[in-house]
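Since the structure comes first, as structure tokens, the remarks are kept for the end.
From a predicted model like this one, the values you see are computed outputs, not experimental measurements. Order of the sequence lines sets the chain letters (A, B, ...), proteins ahead of strands, with each chain counted from 1.
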Amino acid sequence: MAEQDGLESMCRRRGFLWQSSEIYGGEAGFYDYGHLGTKLLENWKKEWKDFFLGLDENYHLINTPNIYPHRVLDASGHVDHFSDVMVRCERCGASFRGDHLVEEEIGENAEWMGKEEIEEKISELELSCPECGGTFSEPKDFNMMFKVSLGPTGEKSGFLRPETAQGTYINFRREFRALRKQMPMGLATIGSAFRNEISPRQGLYRMREFLQAELQIFFLPDKHEEVFKEKFEVIKDKKIRIKRADWKDTKEVELCELEGLAPFYLFHLGKIYEFYLDVMELDPEEIRVRELSEDEKAFYNKIHFDIEMDFDTLGGWKEVSGLHYRGNYDLKQHQKESNATLSVPTEEGKKIPHVIELSFGVDRNIWSLLDSGYHSNDRDWLDLPSKLAPRQAAVFPLVRKDGLPEKSREVFKKLEKDFRVTWEKSGSIGKRYARNDEVGTRYCLTVDYDTIEDNTLTIRDIERKEQIRVSIEEMNDVLSDLIEGKKGFEDYL
RNA sequence: GCGGUUGUGGUCUAGACUGGUUAGGACCCAAGCUUCCCAAGCUUGUAGCCCGGGUUCAAAUCCCGGCAACCGCACCA
């Protein structure tokens with residue numbers, strides 16, 4: 001796809017992102033963010049935190065390590081369930097999931113089977129390679145987690161976390177006390193997760209190291225129903241584009257029309273949707289909510305909707321975030337394995353809180369901004385929300401003589417403290433506009449001969465390519481009104 | 001991981017089949033000149049054959065191995 005090449009090339013040339021370790025040939029599944037990409041990433045994180053921590057005064061951010069000891073991920077089920085038994089055909093070299101082969105033969109679920117069971121079944125059923133009929137080698141465990149050894153002897157082992165969520169669950173007890181036992185309680189964290197993907201592909205979409213932004217909300221479904229009901233009441237008429245598991249098509253419906261979903265779920269679903277429309281400023285046509293079918297869902301998820309984005313560069317609808325009602329599976333597991341009490345007292349006795357998880361693949365969300373914002377028809381330009389754009393404004397002298405560079409430098413200094421802004425003088429004025437169009441600089445300010453006369457300058461809008469003239473005194477206020485969305489550019493024309 | 005295709009300055013590419021001067025071009029970038037608003041022009045400059053080995057007097061070019069990318073399959077608790 002030509003469009004995709006253009007975007008990827010721009011990302012490399014201008015400093016957004018590129019393959020990691022590139023001077024050594026690169027390594028699949030790892031990306032580096034350059035100076036512009038990192039700004040975009042940091043801005044996204046800030047807006048995400050402001051938005052989701054703002055949903056309730058008892059939602060907070062925590063930070064946890066990338067490495068967990070073996071026991072944590074044993075308890076979470078990742079050691080057992082995050083791995084597959086792979087068998088390999090000795091003749092043609094094709095690999096298969098052992099449990100799938102057995103399932104096909106016996107017609108019942110074989111996911112529980114370990115290496116030994118699979119090997120037994122394969123010889124018992126005399127299974128052979130579906131591709132060529134060859135015999136299978138000994139089954140091997142393939143775990144998607146990266147194992148690391150701890151300490152000088154290497155006797156202790158741990159894993160790079162495959163998701164940030166576990167760090168939140170194992171801190172539930174401590175934070176519940178620290179926050180004086182208030183529920184619902186939300187713990188958010190933004191951090192790296194690691195999965196040893198068999199074939200990482202499609203750029204930022206599937207990586208071996210990636211960023212997650214997650215918010216885990218702990219609550220008791222019957223006890224806190226009213227709290228969420230009240231919150232949901234405010235947004236219940238909002239429309240979302242959604243496809244339920246048993247629907248054929250995506251439909252636009254009001255949140256309150258969705259059946260079988262409790263307010264705690266609908267409230268957060270509505271808010272996630274709002275985040276995509278209002279903060280990331282994506283078109284309603286580009287995003288949808290999709291309910292996963294029974295066999296797509298993880299076993300511990302009671303309700304699971306994904307938010308999907310229609311990517312030009314990735315060939316269609318792909319998951320960018322999810323809302324998972326995990327029941328009390330996680331805390332129950334950790335209570336059992338750690339012997340720590342993770343229940344809370346209620347009138348009806350001790351109860352283990354339930355969790356609803358808001359989970360965002362940060363890199364995917366960054367890519368969705370670039371994918372959706374990149375235009376490459378008559379000119380190349382990037383349409384980013386001004387709050388997220390790495391550069392909000394750029395300042396130029398119209399020509400490099402008669403004191404205009406010096407004057408523009410003063411303007412730059414005055415803007416620098418309030419905005420993300422650059423100053424440049426090289427090339428022609430048109431070239432500078434073009435350069436800034438490409439990286440999504442929302443507003444370009446040009447100092448010309450009138451500036452010397454009357455202290456006004458022009459502000460050009462990236463989308464309209466039109467200019468307004470404002471005084472240097474007012475320019476900071478005008479820009480901040482534009483960036484905050486208090487006024488539109490057309491209001492000044 | 002399997003099969004197919006591919007890999008040349010920052011970007012896009014010519015050259016490879018048929019081995020042979022300083023690997024050519026366009027754009028970008030930087031410095032300077034010029035310039036009163038949308039990639040103008042001129043001068044100068046930085047920088048490249050994915051990596052390793054082999055064949056040969058001689059390898060970007062042929063052979064082998066590796067790495068990476070794209071597509072398909074498989075995989076994605």
Please measure how far the [atom1] atom in [N] lies from the corresponding atom in [M], and state the result in whole Å.
{"N": "U55(B)", "M": "C67(B)", "atom1": "P", "result": "23 Å"}
{"N": "U46(B)", "M": "C28(B)", "atom1": "C1'", "result": "12 Å"}
{"N": "G15(B)", "M": "C73(B)", "atom1": "P", "result": "32 Å"}
{"N": "U11(B)", "M": "G48(B)", "atom1": "C1'", "result": "12 Å"}
{"N": "C51(B)", "M": "A23(B)", "atom1": "P", "result": "16 Å"}
{"N": "C12(B)", "M": "C49(B)", "atom1": "P", "result": "16 Å"}
{"N": "C2(B)", "M": "A77(B)", "atom1": "C1'", "result": "24 Å"}
{"N": "G20(B)", "M": "A60(B)", "atom1": "C1'", "result": "13 Å"}

Roughly how many Å is it from [atom1] in [X] to [atom2] in [N], rounded to a whole number?
{"X": "Ile429(A)", "N": "A40(B)", "atom1": "CD1", "atom2": "P", "value": "11 Å"}
{"X": "Gln19(A)", "N": "C67(B)", "atom1": "CD", "atom2": "P", "value": "14 Å"}
{"X": "Lys425(A)", "N": "C36(B)", "atom1": "NZ", "atom2": "P", "value": "17 Å"}
{"X": "Arg460(A)", "N": "A39(B)", "atom1": "CZ", "atom2": "C1'", "value": "11 Å"}
{"X": "Tyr433(A)", "N": "U35(B)", "atom1": "OH", "atom2": "C1'", "value": "14 Å"}
{"X": "Glu27(A)", "N": "C50(B)", "atom1": "CD", "atom2": "C1'", "value": "14 Å"}
{"X": "Lys431(A)", "N": "C33(B)", "atom1": "NZ", "atom2": "P", "value": "16 Å"}
{"X": "Met144(A)", "N": "A74(B)", "atom1": "CE", "atom2": "P", "value": "17 Å"}

Mind checking [X] for me? I need base, sugar-phosphate or nothing, with any heavy atom below 4.0 Å counting as a touch.
{"X": "Arg379(A)", "answer": "nothing"}
{"X": "Glu163(A)", "answer": "base"}
{"X": "Glu22(A)", "answer": "nothing"}
{"X": "Arg432(A)", "answer": "nothing"}
{"X": "Ser426(A)", "answer": "sugar-phosphate"}

Both distances under 3.5 Å, Watson-Crick or G-U wobble: report the partner of [N], or none.
{"N": "C73(B)", "answer": "G1(B)"}
{"N": "C38(B)", "answer": "none"}
{"N": "C49(B)", "answer": "none"}
{"N": "A60(B)", "answer": "none"}
{"N": "U55(B)", "answer": "none"}
{"N": "G9(B)", "answer": "none"}

Legend entry - Residue mapping more 5' on RNA chain B - nearest nucleotide basis, Tyr24(A) or Thr446(A):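 Nearest-nucleotide comparison on RNA chain B picks Thr446(A).
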Inset, instruction - With RNA chain B as reference, determine whether Lys401(A) or Glu197(A) sits nearer its 5' end, using the nearest nucleotide of each. - result: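 Whichever sits nearer the 5' end wins; that is Lys401(A).
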If you check the [X] side chain, which of [options] turns out closest?
{"X": "Arg13(A)", "options": "A39(B), G10(B), C75(B)", "value": "G10(B)"}
{"X": "Ala434(A)", "options": "U35(B), A39(B), C37(B)", "value": "A39(B)"}
{"X": "Arg14(A)", "options": "C36(B), C28(B), C37(B)", "value": "C28(B)"}
{"X": "Ser9(A)", "options": "C75(B), U11(B), U35(B)", "value": "U11(B)"}
{"X": "Arg12(A)", "options": "A69(B), C37(B), U11(B)", "value": "U11(B)"}

Whether [X] and [Y] hold their rings parallel, tilted or perpendicular, with breakpoints at 30° and 60°:
{"X": "Phe194(A)", "Y": "Phe146(A)", "value": "perpendicular"}
{"X": "Trp381(A)", "Y": "His375(A)", "value": "parallel"}
{"X": "Tyr169(A)", "Y": "Phe218(A)", "value": "perpendicular"}

Legend entry - More than 12 heavy atoms from other groups under 6.0 Å of NZ on Lys39(A):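 No, the 6.0 Å shell around NZ holds no more than 12 heavy atoms from other groups.
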Legend entry - Inter-residue atom distance Leu73(A).CG - Met145(A).CE, 0.5 Å rounding: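 Here the interatomic distance stands at 5.0 Å.
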Legend entry - Donor-acceptor pair present, Asp448(A) side chain and C37(B) base, under 3.5 Å: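 Check passes, donor-acceptor contact within cut-off.
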Would you tell me if any nitrogen or oxygen in the side chain of [X] comes within less than 4.0 Å of OP1 or OP2 on [N]?
{"X": "Lys465(A)", "N": "C37(B)", "value": "no"}
{"X": "Ser428(A)", "N": "A40(B)", "value": "yes"}
{"X": "Gln467(A)", "N": "C37(B)", "value": "no"}
{"X": "Arg195(A)", "N": "A77(B)", "value": "no"}

Legend entry - Axial cation check for Trp317(A) ring with Arg290(A), 6.0 Å and 45° limits: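 Output no; distance or angle outside limits.
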Inset, instruction - Evaluate whether the aromatic ring of Tyr449(A) and the six-membered ring of the C36(B) base sit under 5.5 Å apart, centre to centre, with an inclination under 30°. - result: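 The base of C36(B) is stacked with Tyr449(A) (centres under 5.5 Å, planes under 30°).
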Inset, instruction - Please report the shortest heavy-atom distance between Pro353(A) and Phe172(A), naming the atom on each side. - result: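 Heavy-atom minimum between the residues: CG-CZ, 3.5 Å.
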Inset, instruction - Pick out which of Arg460(A), Arg442(A), Arg391(A) makes a salt bridge (charged side-chain N to carboxylate O under 4.0 Å, His left out) with Asp437(A). - result: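 Result for salt bridge (charged side-chain N to carboxylate O under 4.0 Å, His left out) with Asp437(A): Arg460(A).
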